[in-house]
Colleague: 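Here you go, one structure.
In what follows, every heavy atom counts, from backbone to side chain, and hydrogens, waters and symmetry copies are set aside. Every value quoted in this text rests on a predicted model; they were computed, and no experiment measured them.
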Amino acid sequence: MPVRSVLYWKPNQGNVMTNEEVMSKISECIETLHGVEDQECHCHACVTFYTPILRDERASFADLPQDFVGVLMMEQLNKQFFVMQSRWIVVEADSLILPLIEKLSSYKPKSYITLNGTLYKMGDFQIRLFKVLPDQGNLKGIIAEIEYLPISSIEQSKKIMEEMVDTLNELASKKSLEGHFVQAKANYAKYGLDDDYTSQHTAVQYAATSLTELIQSALRSHDN
Amino acid sequence: MQQTQQQATAAPFSTSTPPPSSGGSASEAPPKQVAQAMDKLGQAGRIIADIRIGADRLLEALFVAASQPHQGNKPLQLFAKEDACMRQYFQDLRSLGKELEESGVLSESVRSKKDFWGLHMPLVCPDGAVVAYAWKRQLAGQAGASAVDRTRLALKAFTDQKRRFFPHLCDGHESNGSASKKCYGSEEMAVDPKEAISLLKTLPDVIKSLEKEVPNVKILTFRRLDWLKRAVKLTSSANENSLEHNYHGSSKLRLGSVGTVAAEEVAVIELLIPSVFRAVISLRHAGSMDPNHVAFFSPDESGRYVHAWGFSVHHVFKHISDYGGTAVNYFLWNQSETPLYSLMHWICSYQTLFSKPCSKCSRLLAMDKQSNLLLPPVHRPYWQFTFKKVLLNKSSRNQNSDSTQCFAYRWSPSKYSNFSGKWFVGTN
């Protein structure tokens, strides 16, 4: 399947613009590149953060992995992806696993973030621009997903993706946006994933981005 | 052998009888004279051989007489018989020699006399070898053969004779010759396209040569109908290996290597650079070496539209396919001897499509004004893939030889006069 690269918007220190304003400016940037919004397609994804349930008092909370994340993607609503970054695990499962997890009571969902966005078509590129909405509260961040349709090899697409990110950042700075897009860093080899792009690669990227996003937004709210 | 030969040559000079039939032969056409002379030389050779055998027999008789003195008359009779035979042989040889001398084969003075036909008489060298006019005949006659073939034949005849007359030199040359030949050969390859073209006469040769030069390309050949069947079943190359285990009929996907399809049935050639692109070339007709059309696709694309006249769903490959049409025409009309080879080389230059930035603006992505699309450099100048330049590239191992261009910039030939200047350095 075509390669996708997940980016998150990192605002600079002292940024005064709200996320909504940044969002509309970024849309303008995409339209400068002749990106056309697909009115019919509404992109949606959900990232759930799980926390372990302690059944044995002797066991320590800290021993168990804290970063168990579940990703649900719009294109594959019948599948659920799980990523555990500390153990380099990614799992693709049927969505029927969710009641099983509930029954097992090993992990329970702690919080989630919803990604709502629009799809822009730009020739061989497609960009999904997501608003990051926590379970409660306002828009917390912006995530963009760039998809390059002709290639499914991650290696081949690396330079193209980097250049696309640079192009977007250039346009953003021209529009006086204080911040830039950062590509999610994901070491696919450690997860046992190979060069051919799959939905599991996307899940890994979302997990990496979401955690970073969450940490950063937590820091920002702490500062505020 | 030399002594007898000298005797044979010396004998005609000593006699003074008039020559028998050489006067009549002068009225015949020179080629017939030459043929007759060759015939007589052959006869002379046979007589000389008989003389040698006779001499052996004489020696044998003497030996027998010496070792067994009580034999009596027997060895003497043998001796006398042989003596008579030998004298007859010598007589025959003398007369033959006279005839040959008259016709100008043996005498020094006549050697340089040219016939008006331009044919020299065959010459007999002191050591007995006949320097036939073979190499001259090759050059003068044989109207049907091309100049190259004639020269090649003449060179071969000349080398054979040289090997006979100067064996010591030939030995020395051969031992060093192979090493020097190799060096000379590679230089020749760089400057002599004709030699290299002769190595690319058939489709398997072209494919083998390209596979050596571009290691990561996969080339498959098909009959026209077989390609249509394959197009529907295409998968990306990475998945093919895993699918092979599941499909029991998957071996059919591999059908179409040069080994299984006869060269005269090939009508479609597929070039796959894994993870980058798949190019489909159509040949003018089955077994032809002339390309007709080419189209580029993503390695993941499959369907009935994946053929040499089809268009990819992706804009980048659509643009390259359009450009490919121009390239095919260029190679056909300017490269009448190796259009397929040059085209395949040009196609393989796209293996860096997604990694090599434009040589003008150093960017990998640029906006095309006409189509409002972001594209990687889709223009690879096909005029830099003429056969001579490809050869030059190979011999000089110039890695920076190709230049890529992004779509956004419209080039003009004058801008690339520098490139053509670079290219012509080192050629004659």
Side-chain angles (χ1 to χ4, degrees), chain A residues 1-5 7 26 28-38 120-127 144-172 174 181 183 188-189 192-201, chain B residues 216 234-243 272-279 295-302 306 311-321 350-358 361-378 404 406-408:
Chain A
M1 70 179 266
V3 180
R4 296 190 192 187
S5 185
L7 326 171
I26 292 172
E28 282 171 29
C29 293
I30 295 171
E31 274 153 20
T32 316
L33 294 172
H34 302 281
V36 175
E37 191 180 332
D38 188 346
Y120 293 89
K121 290 191 179 171
M122 271 167 47
D124 289 334
F125 284 95
Q126 280 185 352
I127 299 185
E145 190 189 283
I146 306 175
E147 187 177 2
Y148 190 54
L149 298 168
I151 322 176
S152 26
S153 156
I154 295 165
E155 195 54 47
Q156 285 291 329
S157 68
K158 223 188 256 186
K159 288 191 181 167
I160 292 253
M161 287 299 187
E162 279 168 10
E163 199 152 314
M164 191 65 201
V165 175
D166 290 340
T167 310
L168 280 174
N169 284 331
E170 266 174 44
L171 285 170
K174 278 190 192 151
F181 276 113
Q183 254 180 312
Y188 297 119
L193 297 171
D194 54 23
D195 193 50
D196 218 29
Y197 196 81
T198 60
S199 306
Q200 293 180 19
H201 293 79
Chain B
N216 54 337
L234 280 171
T235 57
S236 67
S237 59
N239 292 334
E240 256 182 27
N241 291 329
S242 56
L243 280 175
L272 174 70
I273 305 258
S275 310
V276 186
F277 68 84
R278 177 180 271 118
F296 287 75
F297 300 91
S298 163
D300 307 324
E301 284 184 85
S302 82
V306 180
F311 282 102
S312 167
V313 298
H314 304 294
H315 297 276
V316 55
F317 295 121
K318 254 189 253 186
H319 278 110
I320 304 174
S321 299
Y350 278 92
Q351 58 183 317
T352 53
L353 175 64
F354 299 116
S355 49
K356 192 166 178 180
C358 170
C361 66
S362 310
R363 292 183 69 101
L364 194 54
L365 285 173
M367 179 65 72
D368 170 46
K369 299 276 184 285
Q370 281 189 347
S371 53
N372 290 330
L373 295 165
L374 276 173
L375 292 168
V378 291
T404 64
C406 62
F407 205 90

Colleague: Which bit of A:M164 is near chain B, if near means a heavy-atom gap under 4.5 Å: side chain, backbone, both or neither?
Modeller: both
Colleague: With only heavy atoms counted, which part of B:L374 is less than 4.5 Å from chain A, the side chain, the backbone, both or neither?
Modeller: both
Colleague: With a 4.5 angstrom heavy-atom cut-off, could you sort out which part of B:F317 is near chain A: side chain, backbone, both or neither?
Modeller: side chain
Colleague: Determine the minimum heavy-atom distance between A:S5 and A:M161, stating which atoms define it.
Modeller: CB-SD, 3.7 Å
Colleague: What residue in A:G123, A:P2, A:P150, A:S153 has the most heavy-atom pairs under 4.5 Å with chain B?
Modeller: A:P150
Colleague: What closest approach, in Å, do A:D194 and A:I154 show between heavy atoms, and which atom pair accounts for it?
Modeller: O-CD1, 4.0 Å
Colleague: For B:V378 and B:Y350, which heavy atoms make the closest approach, and how far apart are they?
Modeller: O-OH, 2.6 Å
Colleague: Take the angle between the ring planes of B:F296 and B:F277 and call it parallel below 30°, perpendicular above 60°, tilted in between.
Modeller: tilted
